[in-house]
Amino acid sequence: MSQETVPPTLTVAQTDALADRMLEHCRQQGILPPGPEGLWQGYHRLRSRLYDTFTIPDTHLTPLAARLLHGIAALHRPQRLAVLGCYAGNLLGWTAGPGFGPQARFTGACAVGLDVDAAAVALAERNLRGAGYSPGARAVCADAYAADAFAAQGPWDLVVIDVDEPGARKAGYHRVLERWVPYLAEGAVVVAHDVKHPAFAHDLAGYAEHTRRLGAIATTTLPADVCGLEVSRWSDRAGITA
């Protein structure tokens with residue numbers, strides 16, 4: 001991975017502070033719980049490790065968005081998480097770091113990244129193993145729509161959606177979410193990447209409202225960058241659709 005860069009008006013410390021404010025917004029919305037001190041110390045240790053060991057051919061994930069994925073996982077503490085559209089493991093690395101990384105803050109049970117590109121999955125596996133992630137974190141060649149194939153490994157506490165289908169691009173988010181909702185744990189959090197990107201405005205129109213129709217009790221858009229993140233929390237009656 002290339003060395004971290006932030007917008008020229010922000011230092012690394014300022015980017016940490018901006019991520020803090022966005023996570024605090026999620027707390028105020030009832031999506032995330034309060035968290036421990038020293039959140040970014042763990043992130044920066046992981047960042048150094050991933051920059052040394054991960055190979056990512058291409059990514060639109062910014063340093064701020066990486067912080068948010070790491071922070072969401074560190075606060076929510078998912079036992080079981082799934083990244084749908086994991087490509088070479090970039091989003092999976094940041095999200096699984098707190099529970100499965102070389103300096104994990106807690107012990108997770110299962111972190112799985114799904115992608116239909118076999119070569120990208122093989123690279124993701126090399127990245128995870130090279131960085132010292134626990135065996136519970138793995139990448140597999142599978143279709144994001146095949147939620148029922150992973151039902152036995154759930155229920156899922158955290159799901160990250162970043163699918164990108166040839167021709168359809170991000171239009172599948174709504175249907176992918178529908179497939180995974182029945183297998184969500186109580187109080188699950190779902191994160192969708194790219195919800196603010198102008199190129200996908202048509203594909204993702206109405207996504208936030210769709211989460212509520214499927215049982216989300218709170219959802220908020222984080223303008224982390226041009227791509228954005230939608231962070232949604234499900235009720236304690238997970239799997240019940242409206």
Side-chain angles (χ1 to χ4, degrees), residues 22 26 29 31 58-62 65-66 68-69 72-73 76 78 80-92 94-95 111-117 120-121 124 139-151 154-185 188-235 238-242:
M22 291 188 178
C26 289
Q29 297 299 308
I31 296 171
D58 182 44
T59 181
H60 295 129
L61 192 74
T62 63
L68 291 171
L69 290 174
I72 288 167
H76 188 52
R80 296 169 177 82
L81 71 92
V83 176
L84 313 178
C86 75
Y87 185 50
N90 196 19
L91 274 71
L92 179 60
W94 297 116
T95 310
V112 60
L114 277 58
D115 204 285
V116 295
D117 185 333
V121 167
V140 298
C141 192
D143 194 314
Y145 292 106
D148 54 349
F150 296 88
W156 300 96
D157 304 295
L158 176 60
V159 174
V160 179
I161 305 175
D162 194 31
V163 298
D164 193 346
E165 301 177 63
R169 298 306 307 268
K170 303 288 180 174
Y173 275 43
H174 294 69
R175 290 183 292 122
V176 165
L177 180 61
E178 290 169 3
R179 299 287 180 87
W180 284 81
V181 161
Y183 307 112
L184 295 180
V189 169
V190 176
V191 180
H193 189 231
D194 288 324
V195 295
K196 294 291 289 182
H197 199 294
F200 308 127
H202 177 73
D203 292 348
L204 296 175
Y207 173 81
E209 291 80 4
H210 193 59
T211 67
R212 291 187 181 278
R213 286 195 296 270
L214 293 176
I217 58 172
T219 189
T220 192
T221 305
L222 300 181
D225 44 49
V226 69
C227 297
L229 299 171
E230 188 73 25
V231 187
S232 310
R233 183 180 180 88
W234 255 250
S235 72
I240 305 300
T241 58

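Position 1 is the first residue of the sequence, and the numbers go up from there. Just so it is clear, the values below take in all heavy atoms, side chains as well, and ignore hydrogens, waters and symmetry mates.
When only modelled atom types and interatomic distance are considered, E165 and Y145 share a side-chain donor-acceptor pair under 3.5 Å.
For the atom pair L92 CG and L69 CG, the distance stands at 10.5 Å (nearest 0.5 Å). A distance of 4.0 Å separates OG1 of T59 from CG of N90, quoted to the nearest 0.5 Å. Note: D115 CG to D162 CG = 9.5 Å, rounded to the nearest 0.5 Å. Remark: W180 CH2 to L84 CG distance equals 5.0 Å, nearest 0.5 Å. How far SG of C86 is from CG of L91: 9.0 Å, rounded to the nearest 0.5 Å.
Between V191 and I72 the shortest side-chain heavy-atom distance falls below 4.5 Å. Looking at heavy atoms from C-beta onward, T62 lies out of side-chain contact with C227 at the 4.5 angstrom threshold. Put simply, the side chain of D194 reaches to within 4.5 Å of the side chain of Y173, judged on heavy atoms. Using a 4.5 Å heavy-atom threshold, the side chains of K170 and V163 count as separate. Side chains of V159 and Y183 form no contact here, defined as non-hydrogen atoms less than 4.5 Å apart. A 4.5 Å side-chain heavy-atom check between H193 and I161 finds every atom pair outside the cut-off.
Checked options D157, I217, T211; the residue passing with W234 is T211 (criterion: side-chain contact (heavy atoms from CB on, under 4.5 Å)).
Nearest approach of V226 to P198, heavy atoms of both residues: CG2-CD, 3.7 Å. The two residues V181 and L214 come nearest to each other via the heavy atoms CG1-O, 3.7 Å. Annotation for Y87 and D58: closest pair CE2-O, 3.5 Å, computed over non-hydrogen atoms. Across A144 and L114, no two heavy atoms sit closer than the pair CA-CD2, 4.2 Å. Smallest separation of non-hydrogen atoms from L222 and V231: CD1-CG2, 3.8 Å. The heavy-atom pair separating T219 from S232 by the smallest distance is OG1-OG, 2.6 Å.
Ion pairing between D203 and R169 fails under the 4.0 Å rule for side-chain N and carboxylate O.
In this pair, H210 and H174 present their aromatic rings tilted. The plane angle is within the 30 to 60° band.
H76 places no side-chain N or O within 3.5 Å of a backbone atom of P78 that could act as its donor or acceptor partner.
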